[in-house]
Amino acid sequence: MRTFTAAVHQEDDWYVARCLELDVASQGGSVDEALVNLREAVEAYLEEVAQPAIEATPLVTSFQVGKAA
């Protein structure tokens with residue numbers, strides 16, 4: 001069992017989920033659906049690729065700026 005990190009953002013009516021350690025993404029009509037689809041996509045990717053390039057888990061944080069963009 002391995003833990004991966006997902007970043008999710010909304011594009012119109014879809015939620016797009018991207019695995020930050022792999023070059024794999026998926027989408028769904030809700031955040032939960034996008035994450036389920038991403039899990040399935042990552043599992044399929046790991047089954048297909050003999051030696052996947054797994055990047056180190058990035059530090060994900062937030063910060064504030066003085067003016068709105």
Side-chain angles (χ1 to χ4, degrees):
M1 182 70 65
R2 180 171 176 125
T3 301
F4 290 100
T5 310
V8 182
H9 69 276
Q10 189 170 5
E11 290 185 11
D12 297 322
D13 294 336
W14 293 98
Y15 291 90
V16 178
R18 183 173 55 94
C19 178
L20 299 182
E21 293 85 2
L22 300 169
D23 188 23
V24 178
S26 192
Q27 64 186 17
S30 68
V31 171
D32 289 337
E33 183 180 354
L35 290 172
V36 167
N37 292 342
L38 178 62
R39 181 180 298 113
E40 292 174 358
V42 166
E43 288 173 348
Y45 175 80
L46 293 174
E47 287 177 3
E48 291 292 321
V49 177
Q51 293 184 323
I54 300 174
E55 296 183 22
T57 302
L59 170 64
V60 178
T61 187
S62 61
F63 62 94
Q64 296 179 334
V65 296
K67 294 184 178 185

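Values below: all heavy atoms of this structure, side chains included; hydrogens, waters and symmetry mates excluded.
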### Message
Looking at every non-hydrogen atom in both residues, tell me the closest pair between Glu21 and Pro58 and how far apart they are.
### Response
OE2-CD, 4.2 Å
### Summary
Across all chains, not counting sequence neighbours, the side chain to side chain contact (heavy atoms under 4.5 Å, CB included) partners of Thr61 are none
### Summary
Taken to the nearest 0.5 Å, the spacing of Gln27 CD from His9 NE2 works out to 9.5 Å
### Least distance between heavy atoms, Ala25 atom then Ala41 atom
O-CB, 4.5 Å
### Message
Distance check, rounded to the nearest 0.5 Å: Ser30 atom OG versus Trp14 atom CH2?
### Response
10.0 Å
### Summary
Rounding to 0.5 Å, atoms OH (Tyr15) and CG (Leu38) come to a distance of 16.0 Å
#### Entry: Heavy-atom pair of closest approach, residues Leu20 and Ala7
CD2-CB, 3.8 Å
#### Entry: From OG1 (Thr5) to CD (Glu55), nearest 0.5 Å
11.5 Å
### Summary
Here the pair of heavy atoms bringing Ala34 nearest to Ala17 is O-CB, 3.8 Å
### Task
Return yes if some donor-acceptor pair links the side-chain N/O of Glu33 with the main-chain N/O of Leu35 below 3.5 Å, else return no.
no
### Message
Less than 4.5 Å apart, side chain to side chain, heavy atoms only: is that true for Thr57 and Thr3?
### Response
no
### Task
First locate atom CZ of Arg2, then atom CD1 of Ile54, and finally report the distance between them rounded to the nearest 0.5 Å.
4.5 Å
